[in-house]
Amino acid sequence: MAQVGYSKKVMDHFMNPRNVGVIEAPDGYGKVGNPVCGDLMEIFIKVKEDKVEDIKFRTFGCGSAIAVSSMVTEMAKGKSLEEAIKITRKDVADELDGLPPQKMHCSNLGADALHAAIEDYWIKTGKIRPEDAKHKQGQEGEEGESCGNL
Amino acid sequence: MCGIYLDHQSCCPVDPRVEEFARHFSGKDFGNPSALHSRGLTAKAALEEARARVAELIGAESPESIIFTGGATQANNLAIRGAALRNSAKGKRLLASQIEHISVLNPHKDLKKGGFELNLIPVDSTGQIDLSSLERLADKGTVLTSIMYANAEIGTVQPIREASEIVHEKGQMLHVDGTAAAGKIAVDVQKDGIDLFTLSSNDIYGPQGAGALYVRPGVRIQPVLFGGGQERGLLPGTENICALAGFGEAARLARLEMAGESMRLRTIRDALIEEILKIDEARLTGHPSQRLPHHASFRFSRIEGESILLTMDAMFNIQVSTGSACSSRTLEPSHVLLAIGLRHEEAHGSMIMTLGRQNSMDQVPAIVSATEKTVERLRALSPL
């Protein structure tokens, strides 16, 4: 039977999201998306010996936005920062057994939020300069713009 | 699957009495109504019986005013394209409310490509059309105005009689999409002053794939499909007797039961609205009183509608709808919610509940509790 709607894994992560919450005084913090577009994600990381020791997220968005956030935290936890920053949007979608095509762009922001959090840590520790960060913190996409959907 | 179904605006279960009635016409009473033998005559009789019942439901002059179609989308296309093209000598301006269904707006947009001009009538924050704008826009050269009887997303009922007076005073035609309203509230196409009226079978618990367009006697439209002479040549093609017979029976039952059923649903609806509005930052969308009796629609701040729909379904087995962008094919928020003045981030948090024959008052506590828990769960996840 052709797959209709979300995969079982997406629904599992949506209904039982992992690593929900906030880390007080995080070592790294990333926030991407825009409530105007219907998706806003934030990721908090705690770093120990260059590894993602702890990670938490909070997300405003649709089912796939929440599942993507949960999955990316699970994938990153325990990995070295160098490994974690290589996690791509596609890796996250693959790990969820795929996302509906129209959701691939708008709600698949988990990897971006993770990268923003890692870069935030690198900026704070002097590894990179702020202008070298690939992911801008905060909100992107204004009302009337495409909101990332194609 | 024993849940609580609250999405009657998108699909109604076929009434078991309708199913029983219609079943014969796919089995023992099969026949093509255009054929002159006995089987054809049986089918023709069933078709004309159905036409009479649909005509009665909306107070049409005669069964001949009813053109059967394959659903409301076909009826809307036939009304708009058929009337605009047939009467284009009188003018090439079209009017429609901002919150019309996509099957009304898209034929209009297509006509624009063919040289017609389209103007949209604005609505206020409750979703009612602005009659002074209608008065101003309906000037010379306007050939057709489309205003829906009631809106399926926000439940708001339009002041059709007032709109009709304005349109007719200027000698123009009024098309009314009655898909959401027919069988739910009393509609009388003659008293309401309607020239073209769309209705759908499934919205009144009939089979899907059937609908009708009422065409007031004397109103001229042209076909948009060409073939045999069925349906006065306006919608050619062999009739779907099974679905149309069911549609007729559904119309008969709706007419008989509408008053009592509307009262019953209104009571449940009011209880739902009262309880759900107690949730922090919950708002009603649409008109507080001029709304369909089975319709409750809300928005919640800081959470998103698709997540609401999925949580209600997966966790509580309650099926609702939403106007959120994230649940639509286009990923655009509902044009209806934007037209009533909601900002994008407000429109994302929409939830629509539409009641039906199988719902009862004793379900209200479970629905309210599920809504509270869903909102609480998603707000706990939300950074906003």
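Reckoned from all heavy atoms, side chains included, excluding hydrogens, waters and symmetry mates.
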### Query
Which of residues 73-86 of chain A get closer than 4.5 angstrom to chain B, counting heavy atoms alone?
none
### Message
Please check if the number of heavy atoms outside B:Lys112 that lie under 6.0 Å from its NZ is greater than 12.
### Response
no
### Task
Report the option among B:Arg377, B:Met315, B:Glu346, B:Arg379 that has the most heavy-atom pairs separated by less than 4.5 Å from atoms of chain A.
B:Arg377
### Message
Let me confirm one number: the CG-CZ distance from A:Leu40 to B:Arg302, rounded to the nearest 0.5 Å.
### Response
13.0 Å
### Message
Using only atom types and a distance under 3.5 Å, with no angle test, would you say the side chain of B:His344 pairs donor to acceptor with the backbone of A:Cys37?
### Response
no
### Message
Using a 4.5 Å heavy-atom cutoff, which residues in residues 46-60 of chain A come close to chain B?
### Response
A:Phe57, A:Arg58, A:Thr59, A:Phe60
### Query
Quick one: does A:Pro35's side chain get under 4.5 Å of B:Arg343's, heavy atoms only?
no
### Query
Looking only at heavy atoms, what is the nearest atom pair of B:His348 and A:Val36, with distance?
NE2-O, 2.8 Å
### Query
What's the shortest heavy-atom distance between A:Cys62 and B:Ser307, and which atoms?
C-OG, 3.3 Å
### Query
For A:Pro17, is it the side chain, the backbone, both, or neither that has a heavy atom closer than 4.5 Å to a heavy atom of chain B?
side chain
### Message
Quick check on B:Leu310 against chain A: is it the side chain, the backbone, both or neither that has a heavy atom closer than 4.5 Å?
### Response
both
### Query
Say you draw a straight line from CE of A:Met41 to CG of B:Leu381; how long is it, rounded to the nearest 0.5 Å?
11.5 Å
